[in-house]
Amino acid sequence: QARLDESGGGSVESGESLTLSCEVSGAPGHITNYCMGWFRQAPGMEREGVAGMDGDGHISYAESVSGRFTLSQSNNKKRALYLKMNSLTTEDTATYYCAAVDLRIRVDGSPSLRRDHFRYWGQGTQVTVSI
């Protein structure tokens, strides 16, 4: 059973940056066979995909964050996923969740950002952006 632990959330002002981290442990199989991603959920809203990466390093972004957010992973044996968020706005305020699935899943040729495709979830980290 995989365990995902997020960190890095906080309160910032509009225009500032934050970097979220997700450490993965206990995941069976090789990490290259996994898709991983970040989702977010604002109060009263559906959980939505933000950025996703497959085992080959291909990345997809939601249109709302493309050009502002950057997804990356650790280059050593440590299984970690990072989300660098620049130019934050109040619309980015949400609880951010790290997710993983031990499958290679693509939608329209890009790593999936569909919530129902992911099997393992972290507890979430809060990001609050104020004016």
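Sequential numbering from 1 along the given sequence is applied to the chain's residues. Small disclaimer: the values here were computed from a predicted structure and weren't measured.
- At a threshold of 4.5 Å between side-chain heavy atoms, the hydrophobic network of Ile, Leu, Val, Met, Phe, Trp and Tyr places L83 and V127 in one connected group.
- Atom CD of E91 has 12 or fewer heavy atoms from other residues, nucleotides or ligands within 6.0 Å.
- The list of salt bridge (Lys or Arg N to Asp or Glu O under 4.0 Å) pairs with a residue in residues 55-66, not counting sequence neighbours, reads D56-R104.
- The heavy-atom pair separating S87 from S17 by the smallest distance is N-OG, 4.2 Å.
- Under the rule for a side chain to side chain contact (heavy atoms under 4.5 Å, CB included), the partners of T90 that lie at least two apart in sequence or sit in another chain are I131.
- Residue F39 belongs to a hydrophobic cluster whose other members are Y97, V101, L103, I105, F118, W121, with links defined by side-chain heavy atoms closer than 4.5 Å.
- To the nearest 0.5 Å, the span separating CD on E23 from CG on D5 amounts to 7.0 Å.
- When the side-chain hydrogen bond (donor to acceptor under 3.5 Å, both in side chains) test is applied to T125, no partner is found at least two apart in sequence or on another chain.
- Qualifying salt bridge (Lys or Arg N to Asp or Glu O under 4.0 Å) partners for E48, counting only residues two or more places apart in sequence or in other chains: R40.
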**Message:** Please determine whether side chain to side chain contact (heavy atoms under 4.5 Å, CB included) holds for the pair T70 and Y61, giving the CA-CA distance in whole Å, both sets of side-chain angles, and the decisive distance to 0.1 Å.
**Reply:** CA-CA 9 Å; T70 302; Y61 295 98; 4.0 Å; yes
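- Following chains of ILVMFWY side-chain contacts shorter than 4.5 Å, one cannot reach L113 starting from F69, and the two form parts of different hydrophobic clusters.
- For the atom pair CG of L81 and OG of S74, the computed distance is 8.5 Å after rounding to the nearest 0.5 Å.
- Atom CD of Q73 is separated from atom CE of M36 by 8.0 Å, given to the nearest 0.5 angstrom.
- Partners of R47 according to the salt bridge (Lys or Arg N to Asp or Glu O under 4.0 Å) rule, which considers only residues two or more places apart in sequence or in another chain, do not exist here.
- Q1 contributes atom CD, which lies 10.5 Å from atom OG of S25 (distance to the nearest 0.5 angstrom).
- Judged by distance alone, the side chain of E6 and the main-chain N or O of Q123 form a donor-acceptor pair under 3.5 Å.
- Annotation: side-chain hydrogen bond (donor to acceptor under 3.5 Å, both in side chains) contacts of S110 (sequence neighbours excluded): none.
- Side-chain atoms of T128 do not come within 3.5 Å of backbone N or O of T93 as any donor-acceptor pair.
- Under the rule for a side-chain hydrogen bond (donor to acceptor under 3.5 Å, both in side chains), S60 has no partner lying at least two apart in sequence or in another chain.
- Between W38 atom CH2 and M85 atom CE the span is 8.0 Å, to the nearest 0.5 Å.
- Remark: D116 engages R114 in a salt bridge (Lys or Arg N to Asp or Glu O under 4.0 Å) (not counting sequence neighbours).
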Let me have the donor-acceptor pairs involving side chains of residues 7-15, under 3.5 Å, with sequence neighbours excluded, atom names and distances please.
from: S14; atom 1: OG; to: L88; atom 2: O; distance (Å): 3.4

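- In this structure R106 satisfies the side chain to side chain contact (heavy atoms under 4.5 Å, CB included) test together with D54, H58, sequence neighbours excluded.
- Applying the disulfide bond (SG atoms under 2.5 Å apart) test to residues at least two apart or on different chains, the pairs with a partner in residues 94-131 are C22-C98.
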